[in-house]
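These notes concern the structure reproduced below.
As the structure lists them, so they are numbered: ligands from 1, and atoms in each ligand from 1. Keep in mind that this is a model prediction, so the values were computed, not measured.
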Amino acid sequence: MSTIFSKIIEGELPCFKVYEDNIVLAFLDINPIHPGHTLVVPKKPFIDGIETDPEILAHIIKIGQKIAIVQKETLKCGGVNFLMSNGAAAGQEVFHTHLHVIPRFEGDGVFNSVEHGKYKDGEAEGLAVTIADALSNN
Ligand code: 5GP
């Protein structure tokens with residue numbers, strides 16, 4: 001499936017590039033949470049992180065880390081979020097794997113509306129066993 005990111009990678013659409021190698025292209029998000037908000041995108045068009053070759057996923061994170069270090073130096077941000085939405089239910093809008101590298105500032109309020117829940121008695125133990133068992137079979 002061709003997405004807007006494939007067109008950017010092919011040079012058919014413009015972007016503000018910050019980094020490129022044989023595996024990834026990194027460029028500024030067109031609607032940044034903060035200026036400098038960057039997307040790291042594999043050149044191969046995997047749909048999302050779950051479908052991405054694990055070695056390529058590791059490379060995406062490695063480059064995201066380098067970008068985060070430079071964001072802290074150049075933008076003087078206090079922190080950085082790595083964010084990858086996998087699937088429409090997780091909020092993904094462009095179905096070509098991408099890591100958001102988002103500069104953050106103390107008290108900026110981004111993501112403040114997220115509410116965390118609590119487990120009922122015994123629920124966490126049961127879920128941990130379910131997930132651990134599935135992992136040991138994979
Ligand atoms: P998602 O919601 O899929 O995790 O994030 C998609 C991101 O792609 C959004 O933050 C959006 O601003 C960005 N985006 C969408 N279209 C373009 C585009 O044409 N150019 C750039 N640079 N970013 C885009």
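With a 4.0 Å heavy-atom cut-off, ligand 1 is reached by no atom of M84. Only side-chain heavy atoms of H98 come within less than 4.0 Å of ligand 1; its backbone N, CA, C and O stay farther off.
Between I63 and Y19 the shortest side-chain heavy-atom distance falls below 4.5 Å. Counting heavy atoms from C-beta outward, I4 and F95 have side chains that stay 4.5 Å or more apart.
Taking a 4.0 Å cut-off on heavy atoms, I33 fails to register as neighbouring ligand 1. Under a 4.0 Å heavy-atom criterion, C15 is not in contact with ligand 1. Within the 4.0 Å heavy-atom cutoff, F5 counts among the residues contacting ligand 1.
Using a 4.0 Å cut-off to heavy atoms of H100, the atoms of ligand 1 that qualify are 1 (P), 4 (O), 5 (O), 7 (C), 10 (O). Listed by number with element, the atoms of ligand 1 under 4.0 Å from a non-hydrogen atom of I8 are 20 (N). Against a heavy-atom cut-off of under 4.0 Å, G91 is close to the following atoms of ligand 1: 2 (O). Against a heavy-atom cut-off of under 4.0 Å, N31 is close to the following atoms of ligand 1: 12 (O).
The shortest contact between atom 3 (O) of ligand 1 and any protein heavy atom is with E93 N, 2.7 Å. Atom 12 (O) of ligand 1 has D29 OD1, 2.5 Å as its closest protein atom, hydrogens excluded (heavy atom only). With hydrogens left out, the protein atom closest to atom 16 (N) of ligand 1 is I4 CG2, 4.1 Å, a heavy atom.
Open room surrounds CD on E106; 12 or fewer heavy atoms of other groups in view lie less than 6.0 Å from it. Heavy atoms of other residues, nucleotides or ligands lying less than 6.0 angstrom from CG of N137 number more than 12. Atom NZ of K43 has more than 12 heavy atoms from other residues, nucleotides or ligands within 6.0 Å. Counted within 6.0 Å of CD on E55, heavy atoms from surrounding residues, nucleotides or ligands total 12 or fewer; the atom is thus considered open. Counting heavy-atom neighbours within 6.0 Å of E20 CD, excluding the residue itself, gives a total above 12.
Taking the six-membered ring wherever Trp is involved, the centroid distance between the rings of F46 and H96 does not fall below 6.0 Å.
The one candidate from N86, I60, L39, I47 that meets the side chain to side chain contact (heavy atoms under 4.5 Å, CB included) condition with T97 is I60.
When only interatomic distances are considered, the shortest N/O to N/O separation between Q92 and ligand 1 does not fall below 3.5 Å. Below 3.5 Å of separation, one finds no N or O of H37 facing any N or O of ligand 1. Between F27 and ligand 1, a contact under 3.5 Å exists for no N or O pair. Among the atoms of L28, some N or O lies under 3.5 angstrom from an N or O of ligand 1.
F105 and H34 have perpendicular rings, their planes meeting at more than 60° on a 0 to 90° scale where under 30° would count as parallel.
Of the candidates T38, I30, T3, L13, I30 brings a heavy atom nearest to atom 24 (C) of ligand 1.
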task = Assess whether side chain to side chain contact (heavy atoms under 4.5 Å, CB included) is satisfied between F5 and H98, documenting all intermediate values.
result = CA-CA 9 Å; F5 291 170; H98 52 282; 3.5 Å; yes

